[in-house]
Amino acid sequence: MTVERTLSIIKPDAVAKNVIGQIVARFEGAGLKVAAAKLVQLSRAEAEQFYAVHAARPFFKDLVDFMVSGPVFIQVLEGEGAIAKNRDLMGATDPKKAAAGTIRADFAESIDANAVHGSDAPETAAVEIAFFFPGLNVYSR
Ligand code: ATP
Ligand code: MG
């Protein structure tokens with residue numbers, strides 16, 4: 001395993017539930033370190049660009065509407081195998097199918113409001129990190 005970085009977003013539903021700390025504690029408990037973090041309100045243009053890969057999908061408008069419905073907490077997580085580790089901690093996209101004990105099983109309500117985003121590969125992680133944290137303020141420790 002090599003040390004990787006991945007992008008995590010705690011989505012508007014989980015921020016509204018006031019569970020940022022509980023979710024970050026799961027990342028830290030699994031050995032991931034926070035390398036950058038910010039609480040922001042995404043613009044519609046940012047949300048559309050971030051999820052551009054899904055632009056042709058029928059759920060795209062609902063997805064963008066949801067992502068701009070309130071503030072999100074965006075982090076760079078760093079650690080051994082961070083990309084897969086984060087995805088394991090998140091659980092399946094549809095919380096009804098997410099394994100017990102995962103973030104989505106415990107905090108998400110629906111496939112639309114599913115609590116967290118995580119990069120799915122090294123290439124997407126690099127693009128997503130550069131999108132939200134261009135250049136500065138990403139720390140290795
Ligand atoms: P994310 O990219 O948010 O981490 P994911 O990688 O598990 O989620 P993707 O396939 O990338 O899932 O889909 C992005 C988002 O689009 C999902 O988080 C979900 O909210 C929404 N989505 C995906 N598939 C569907 C679907 N079949 N119906 C409704 N919404 C969907
Ligand atoms: Mg995805």
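Atoms considered below: every heavy atom in the structure, side chains included; atoms not considered: hydrogens, waters and symmetry mates. These numbers come from a predicted model, not from an experiment. Just follow the structure's listing: the first ligand is 1, and inside any ligand the first atom is 1.
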Legend entry - Any pair counted as side-chain hydrogen bond (donor to acceptor under 3.5 Å, both in side chains), so long as it reaches residues 120-131, sequence neighbours left out: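 Passing the test, one end in residues 120-131: His117-Glu128, Ser119-Glu128, Asp120-Thr124.
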
Legend entry - Sidechain N-carboxylate O distance under 4.0 Å for Lys61, Asp65: yes

Legend entry - Arg5 with Glu78: basic N within carboxylate O range, under 4.0 Å: yes

Inset, instruction - For ligand 1, would you mind listing the residues that have at least one heavy atom less than 4.0 Å away, ordered by chain and number? - result: Lys11, Tyr51, His54, Phe59, Leu63, Arg87, Met90, Thr93, Arg104, Ile111, Asp112, Asn114, His117, Gly118

Legend entry - Test applied, side chain to side chain contact (heavy atoms under 4.5 Å, CB included); reference residue, Val116; option that passes from Lys11, Arg87, Arg26, Met90: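 The side chain to side chain contact (heavy atoms under 4.5 Å, CB included) with Val116 is passed solely by Met90 among Lys11, Arg87, Arg26, Met90.
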
Legend entry - Within 45° cone and under 6.0 Å: Lys38 NZ/CZ vs Phe133 ring: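 Geometry flag: set, cation within 6.0 Å and 45°.
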
Legend entry - Closest heavy-atom pair and its distance - Pro95, Thr93: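 Result for this residue pair: CD-O, 3.3 Å.
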
